[in-house]
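Notes to accompany the following structure.
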There are 2 protein chains.
Amino acid sequence: MPRAGQRPRLVDVAERADVSLATASRALAGRDGVSAEVADRVRQVARELGYVANPYARTLAGGASSTVGLIVHQVDDPYFSEIAGGVIQLAAEQGLLVQICQSGRDPDYELQQLRHLIAQRVGIILISGSGYDDPRVEAAARAELAAFQDHGGRVAAIGRHALGVDAVLPDNEAGGNALAHHLIDLGHRRITVAAGSAGLTTVADRLAGVSSALRQRGLPPADLAVVHGDFTRGGGRTVTEQILNEHPETTAIIALNDAMAMGVLSTLRSRRIPVPGRMSVVGFDDVSVAADLAPSLTTIRLPMTEMGRTALSLALKPRSARPRRRSTGHLLVVRDSTGPVPTA
Amino acid sequence: MPRAGQRPRLVDVAERADVSLATASRALAGRDGVSAEVADRVRQVARELGYVANPYARTLAGGASSTVGLIVHQVDDPYFSEIAGGVIQLAAEQGLLVQICQSGRDPDYELQQLRHLIAQRVGIILISGSGYDDPRVEAAARAELAAFQDHGGRVAAIGRHALGVDAVLPDNEAGGNALAHHLIDLGHRRITVAAGSAGLTTVADRLAGVSSALRQRGLPPADLAVVHGDFTRGGGRTVTEQILNEHPETTAIIALNDAMAMGVLSTLRSRRIPVPGRMSVVGFDDVSVAADLAPSLTTIRLPMTEMGRTALSLALKPRSARPRRRSTGHLLVVRDSTGPVPTA
DNA sequence: AGCGCTTACGTAAGCGCTTACGTACCCGGC
DNA sequence: GCCGGGTACGTAAGCGCTTACGTAAGCGCT
């Protein structure tokens, strides 16, 4: 008999279906060893009673945890919130709950969040964002995740390699390459990269693609300048000031993510520098506002929502012997922020 | 003795500190009935062992759940992601984990998410976003939340009243009022509101503020037109087309949130209608990109991060007899998207 | 008819915690 | 000296589930 005002328990279902606790549990878990007839009866009663298993009891008893932990650099950055959207979508479809944490782009804090998630016994961990090229931190994270997996935890990474786990990876190098080719095709020769923190693998990869484009076109490395800031709008603004001062010959700026590109555009506007009339600007990611900026932003489209979904689906699959990789497509989206090099 | 390769349990701590399980539990919970000396010893051992309580066991046994559920309309909408950022910030400071869900602006689905969170036994629920003026849905949510609270659950709402729970509420009416006054001061007389879905209380409240401003200025109601879309950039674009067709005399558009305002700006730009030269545009919320748009957006600033924090802190306080309300400040931020009415 | 094997189910242990209750001890008061 | 009352701690009962193991029934086989 369900206690008044309380959620029904498995015993309540079992009693009412006139079976034992064990049978009820098996029936609801879809395990076999239960006749189809009894299983139906149990499921029927559960539905009538509105029974939902207590996840705490279930997990304690050794069942699989139904919560997935997601670590992002910052939730209110559209890149991450779109990824989170994809994760949450698929999680909802699967009846899973998503625990979300931010690292604030601090590797040590991220490690701490990771440990916290593990200590909280979430079943699945998704790590999103760029990796750090600090070997100490990445090795610690790697070790932590390996131990977690050995105890049955499931892990996937989004946009970062070197963690030794399943990962969905955009081809950052190819994207950077495509951007640079686009600008070179437009006649630009003095290109400056507005890069994020030098310690991020994403930055290094995108940058590598840009450099290789120059090489492929036989252009001297001196045609390329690189200025580091951080992957935010504020970072884009700061970096733009620096570019204008230190590399005044620049005719095109490659921002290594859209957030920075927004900062770049905003600063150029306040300096009354026409885009693309006097300066072309490109971004990377194609966050959804990119199309609505003025001018609309030429950028590399990454399927962020899809990336989130894919990462979760990887983590949901049984663990494979060696880490899987899923690469995502990318697409150069040409809009109004790029144009031919100005004729001096 | 901690089992090899396993996380330490409370018994491990207890044994090593040479006390009983109960004492160890009390010591770590900071409950009294434990001598200071013993309590210190236990805490010390726990630290050495890296002990973290298993939240599933803790919750099952009747301890407080340490997870907060957050329901938003959509995570990749900057309004919600900034609120979520605030919630996550404070949660991290308190050692809590945040479970996040999206309702996709569908009242029925939102109700389902709410039930899911409750079924999953989260301890605290935060509901963010506009309420629905559908009495059926709101009443159902109210009932669900009341029952949840009666069983010890904690609830707070952000930006919605009528739920019968603690709430943090921006003064939507005053904000709408301030926007309208600003435009009227600039000489605008044919104002059209780009409103979100008619069924949202937020829309009704902001709209009420706008209407009252016209009344306060002795302007005829006919000076105001209202077109409904949805609270997204796409909604803003659609609505703008409609305004241009059906209300060509309009000189100023009040978008009832920033997302719509972005859609409005984008459509006006593609139609080559100068802002604010021929049309002034205002938004509401002041999401962080608002300042970086071209032209930068005049809007009402809401302290979204703070709202998230406040909501969680309300939920963390012991329940009060009657629902508390915290109102947030709001501020008219005048930027470049508004100007004097064009002289015909 | 008797054996073993499978299938369908029940019994009960135990996951790691919290907490009601019990017990030993020490204090001061008469 | 004894007793009532507080303090500090231990014992053990659960929280609601999963699952290893046990058992009874039914099957085909010799």
Side-chain angles (χ1 to χ4, degrees), chain A residues 1-3 5-43 45-46 49-67 118-121 123 151-152, chain B residues 1-3 5-43 45-46 49-67 118-121 123 151-152:
Chain A
M1 178 61 65
R3 294 128 340 142
Q6 301 271 339
R7 301 197 65 87
R9 297 156 304 166
L10 187 55
V11 258
D12 301 319
V13 175
E15 274 177 16
R16 191 133 170 219
D18 201 34
V19 295
S20 75
L21 244 169
T23 302
S25 173
R26 281 188 284 253
L28 293 176
R31 224 175 299 291
D32 48 32
V34 184
S35 67
E37 171 188 29
V38 170
D40 279 347
R41 180 150 40 96
V42 172
R43 277 192 288 266
V45 170
L49 259 41
Y51 171 77
V52 179
N54 181 324
Y56 296 101
R58 183 207 285 279
T59 308
L60 220 213
S65 156
S66 62
T67 99
I118 293 176
Q120 295 292 313
R121 316 316 203 260
H151 291 339
Chain B
M1 177 63 63
R3 291 118 354 130
Q6 300 271 339
R7 303 197 64 88
R9 297 158 302 167
L10 187 55
V11 259
D12 302 319
V13 175
E15 273 177 16
R16 192 135 169 217
D18 201 35
V19 296
S20 76
L21 245 176
T23 302
S25 173
R26 281 189 284 253
L28 293 177
R31 223 174 298 292
D32 48 31
V34 184
S35 67
E37 171 188 29
V38 170
D40 278 347
R41 181 150 40 94
V42 172
R43 277 192 289 265
V45 170
L49 258 39
Y51 171 77
V52 179
N54 181 324
Y56 296 100
R58 182 206 287 279
T59 309
L60 221 212
S65 157
S66 61
T67 99
I118 293 176
Q120 295 292 313
R121 318 313 205 259
H151 291 337

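Please read these numbers as outputs of a predicted model, since none were measured by experiment. Residue numbers start from 1 in every chain, and the chains themselves are labelled A, B, ... in the order their sequence lines are given, proteins ahead of strands.
- Looking at heavy-atom distances under 4.0 Å, A:Ser35 makes contact with sugar-phosphate atoms alone, never a base.
- Nearer to the 5' terminus of DNA chain D, by closest-nucleotide assignment, is the contact made by B:Ala22 (compared with the other of B:Ala22 and A:Ala53).
- When all heavy atoms of A:Arg121 and A:Ser65 are compared, the closest pair comes out as O-OG, 3.8 Å.
- When the nucleotides D:dG10, C:dC9, C:dC17 are ranked by their closest atom to the side chain of A:Thr23, C:dC9 comes out on top.
- Residue A:Arg9 contributes atom CZ, which lies 7 Å from atom P of D:dC15 at whole-angstrom precision.
- Out of D:dG10, C:dT18, D:dT19, the shortest distance to the side chain of B:Ser25 is found at C:dT18.
- Atom CD in A:Gln120 sits about 16 Å away from atom P in C:dG16, given to the nearest Å.
- Across D:dC17, D:dC15, C:dT18, the shortest atom-to-atom separation from the side chain of B:Leu10 is found for C:dT18.
- Following rounding to the nearest Å, A:Leu60 (CG) and C:dC17 (C1') show an atom-to-atom distance of 7 Å.
- For D:dT18, the OP1/OP2 oxygens have no side-chain nitrogen or oxygen of A:Tyr56 closer than 4.0 Å.
- As a whole-Å value, the separation of A:Glu15 CD from D:dG16 P is 13 Å.
- In this structure, B:Arg41 atom CZ and D:dC9 atom P are separated by 8 Å, rounded to whole Å.
- Comparing atom distances between the A:Val34 side chain and each of D:dG16, D:dC9, C:dC9 picks out C:dC9 as nearest.
- The B:Arg31 side chain lies nearest to C:dT19 when the options are C:dT18, C:dT19, D:dG10.
- Nearest to the side chain of B:Val38, among C:dC17, D:dC9, C:dG10, sits D:dC9.
- No engagement by A:Ala29 is indicated, since no non-hydrogen atom pair under 4.0 Å with the nucleic acid exists.
- Take B:Asp18 and apply the side chain to side chain donor-acceptor pair (under 3.5 Å) test, not counting sequence neighbours, and it matches no residue.
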- Query: Reading DNA chain D 5' to 3', how would its secondary structure be written in dot-bracket notation, given Watson-Crick and G-U pairs with both distances under 3.5 Å, brackets [ ] for crossing pairs and | for partners on other strands?
  - Reply: ||||||||||||||||||||||||||||||
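- Among all heavy-atom pairs drawn from B:Ala46 and B:Leu28, the shortest one is CB-CD2, 4.0 Å.
- Take A:Ala29 and apply the side chain to side chain contact (heavy atoms under 4.5 Å, CB included) test, not counting sequence neighbours, and it matches A:Arg31.
- Side-chain atoms of B:Ala57 lie closest to C:dC17 of the nucleotides C:dC17, D:dG16, D:dG10.
- Across all their heavy atoms, A:Leu10 and A:Tyr51 have their closest contact at N-CE1, 3.4 Å.
- One can place CG of A:Asp40 at 14 Å from P of C:dA8, the figure rounded to the nearest angstrom.
- B:Arg26 comes within 4.0 angstrom of a nucleotide base, judged by non-hydrogen atoms across all strands.
- Residue A:Asp12 contributes atom CG, which lies 13 Å from atom C1' of D:dC17 at whole-angstrom precision.
- You'll find the side chain of A:Val19 reaches within 4.5 Å of the side chain of A:Arg41, heavy atoms only.
- Taking a 6.0 Å sphere around CG of B:Asp40, one finds it holds more than 12 heavy atoms contributed by other residues, nucleotides or ligands.
- Atom CG of B:Asn54 is separated from atom CZ of B:Arg7 by 9.0 Å, given to the nearest 0.5 angstrom.
- The separation between A:Glu37 atom CD and C:dT7 atom P is 17 Å, rounded to whole Å.
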